[in-house]
Structures are given as C-alpha cells and as structure tokens.
Undergrad: 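Handing you a structure now.
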Amino acid sequence: MRIEAAVLRKPDQPFEMAHLELDEPGFGEVLVRAVASGVCHTDFLPRKGLPVTMPLVVGHEGAGVVEAVGPGVTGLAPGDHVVASFDSCGRCPACLSGRPNACTGFHARNLTGRRADGSTGARDADGTAVSARWFGQSCFADHWLATERNLVPVGKDLPLDKLGPFGCGLQTGAGAVLVAVPVGPGASLAVYGAGTLGLAAVMAARAAGAADITVVDLHPARRQLALELGATRAVDGADPDVTERVRDGRGEGYDLALDTTGRSSVVRSALAVLRPRGTCALVATGGDDLVIPPRALTAGRTLTYLLEGDAVPQVFIPRLIRLWQDGRFPFERLLTTYPLAGINDAERDTTAGTVVKPVLVHRGL
Ligand SMILES: [Zn+2]
Ligand SMILES: [Zn+2]
C-alpha cells in the first residue's frame, strides 16, 4: 500500500515527507494506522554516527489502530488500539527470563531500521529499499508495520493521541525507579535532567512515596515543572557548586542518582551525591566517554545503565496508564503536539530543550 512517511535520506539533512510503498504484514506482523507518535532523542542517533542504512524512517513511540494482521498473529485483531514499544525475540535467555530489554537481538531489531533478518518492508518511489523497522515500527508515517511482540493493547476509551510516549520515554524514566531500582516510601533520589526521562522518574518516585526528590536542570521552566510534578527541590545545573547544592541537607547522601544526560561531568556529580551502597543509574547515552575515578565507587556504590527501565512493556505500560488514571502520573503536562510534517520543528525544539516531549499527530484521522 502507499503510505506517507517522514524520511531521513542523509544524516545531515532535514526529514522529508515522501510517499513509500509498504508491504502487507508478514508472519507475526501487524499493520497499524497511525494516530500519533512521540518523538524521542534516540530517533536522532542516526544523525550522530549510529550506522543505519538510509533512507530511513524513524519513530519508536507509536500509537494507533490495528488495520490488518499477518499470519500467526493471535493476540491482536483489526480495530484494536495499540501502543508500540521496543521489539524483542521472545526466545533468547533474556527474553525467557522476563528481560526483553536485554534480548540478544535487541540491536538488530531496534537500532538498524531493519527486520531481524535484515530485510525491510518499504520501498521508495524508485524501488529503493527504505529502512522502516526502527524499534520494530518506524512510526513517523501514516501507516506502519510492527511485530505483535512490540505492541501493547490499550483500552478503546483512552486518549490514543497522547499514549505514544509510554512506549519508550515514559517507560524508561518511570521503570528506572519502579522496576529496575525500585524506590520505596521515604526514599531519596537525585534526578539529573528534567526532560521526559527525568520528569517521568519524578512522577513515578512521588507516586511510590519517595520523600526527597531533588532535580537538576539548566532550564528554569523545566525546574519549575519538576517541582509541580512532585520534586521537592530543584537545583540549577549551571551552578558552579552544583554537587554541593544537591547534597545540601542530605546527610549521608541519596539512595539513587539518576542521570538522563550521559555526560561524564554530570555522572561524576551524580556519583558524588550517593550514600554508601547507593546506586547511580544512567538512562541515556551522551557525547563523551565516562571518566570516573575508582574512589567514586567506594563503600559499595553502584554505577549501572538501565535500558527501557528494565520493563516488560505489556506488563508495565498498563500499570503506568492506571497510575495516570488515578491522577498520580500526569504525563500529559510534558506533551507538545505538532503535525507529522512538523517533524523538523519538533526536532529543533526538543534539541533546544524548549519543549519536553513532542508528539506528532497524524493527518486525516
Ligand atoms: Zn530475545
Ligand atoms: Zn526512545
């Protein structure tokens, strides 16, 4: 079928709206009519040296309505509402242990823009193959193919135009503090970066009863939003004594420090505010190598990287949606909508930090 998609042809070019030819759903695949898609910083990694064959369609926080299912799909039917998350194989030891984020096929299925076998289901007007399986989905299009495994069914009474960001950003930030390194009542955490990941962690930590939630960010508006969403204190990341400011009044230090920036200097600060045996968790890649003195890990402090919050999407996303319905995860405050064709504006604004979570709303729906 003919679809319209935002296509990236070269790493340094803007996205271009183009018509592509999309295959029928194959074995285990599902055709989804797009309603809206969240925009995540990972969508721009192919601009920064990640080796992906272009032309490429990205987007990995899709939400839409099932239009057709391929052979072997038993859990979804046309008309179902779905949110798309990351893809996994379902057969490797990690998948069988309930850790699909550690799937041995994670890279091939999510970060190459191709199916696990290297094929793609989309072609350009001149017949050129277009990589269109980014995170199993490539949802910056009016229709997209996904696997049954990377789709999460959601209730038809829910606002599908808002739910896409549950598939990656919200799941990653909230999963970090509810699943991977669970914080309990009275816990303390420091969150570096008040973007989607950091703010999702703030809301989730507050819902879990954390007592002390300190947020660090460069933007005053984001610090204010963090305070409104449950942070107990906000510190300017540009303060030359940022580590001391974060530690102020925290006695022996924090149980958890969450870094959403991937910057070495920020991770050093995050490690320096931990209590003995505390955990510093990274959830985003940055531009530089980590330089950490060994003494930063003394007294049993842990440094780790959390991918997709260690969550199983089909289990965790419905849980987060219930938390939202209960008024304790007001994620809609993070969203700014754009039309799909406004993808370049959305990229500019989220890169500048002037919006937190762009959502591309698709035309004609
Ligand atoms: Zn697997
Ligand atoms: Zn993402």
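Keep in mind that this is a model prediction, so the values were computed, not measured. Every number for a ligand or one of its atoms is a count from 1 in the order of the listing. The first residue of the sequence shown is numbered 1, and numbering continues consecutively from there.
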Undergrad: Are Thr120 and Arg114 close enough that a side-chain donor and a side-chain acceptor fall under 3.5 Å?
TA: no
Undergrad: Is there a side-chain contact between Thr336 and Pro358 (heavy atoms, below 4.5 Å)?
TA: no
Undergrad: Check whether NZ of the Lys or CZ of the Arg Arg109 lies under 6.0 Å from the centre of the six-membered ring of Phe106 and within 45 degrees of that ring's axis.
TA: no
Undergrad: I want to check a possible cation-pi pair here: Arg47 against Phe15, using under 6.0 Å from ring centre and within 45° of the ring axis as the test.
TA: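 Yes; both conditions hold, so Arg47 lies above the ring face of Phe15.
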Undergrad: Protein N/O/S atoms under 2.8 Å of the Zn ion (ligand 2)?
TA: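 Within the sphere that stays under 2.8 Å of the Zn ion (ligand 2), the protein atoms of type N, O or S are Cys40 SG, His60 NE2, Cys168 SG.
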Undergrad: When you compare the side chains of Arg268 and Ser264, does any donor N or O come within less than 3.5 Å of an acceptor on the partner?
TA: yes
Undergrad: Kindly write out the residues that satisfy side chain to side chain contact (heavy atoms under 4.5 Å, CB included) with His81, not counting sequence neighbours, or none if the list is empty.
TA: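 Side chain to side chain contact (heavy atoms under 4.5 Å, CB included) list for His81, sorted by chain: Val65, Val154, Lys156, Leu160.
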Undergrad: For residues 199-234, which residue pairs pass the ring-ring contact (aromatic ring centres under 6.0 Å, His included) check, not counting sequence neighbours?
TA: none
Undergrad: Applying a strict under-4.5 Å side-chain criterion to I, L, V, M, F, W and Y, I'd like to know whether Trp144 and Val361 cluster together.
TA: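 Different hydrophobic clusters.
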Undergrad: Give every protein N, O or S atom lying under 2.8 Å from the Zn ion (ligand 1), naming each by residue and atom.
TA: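 Metal shell, protein only: Cys89 SG, Cys92 SG, Cys95 SG, Cys103 SG.
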Undergrad: Measuring only between side-chain heavy atoms, which start at C-beta, is Leu335 closer than 4.5 Å to Lys162?
TA: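 They are in side-chain contact.
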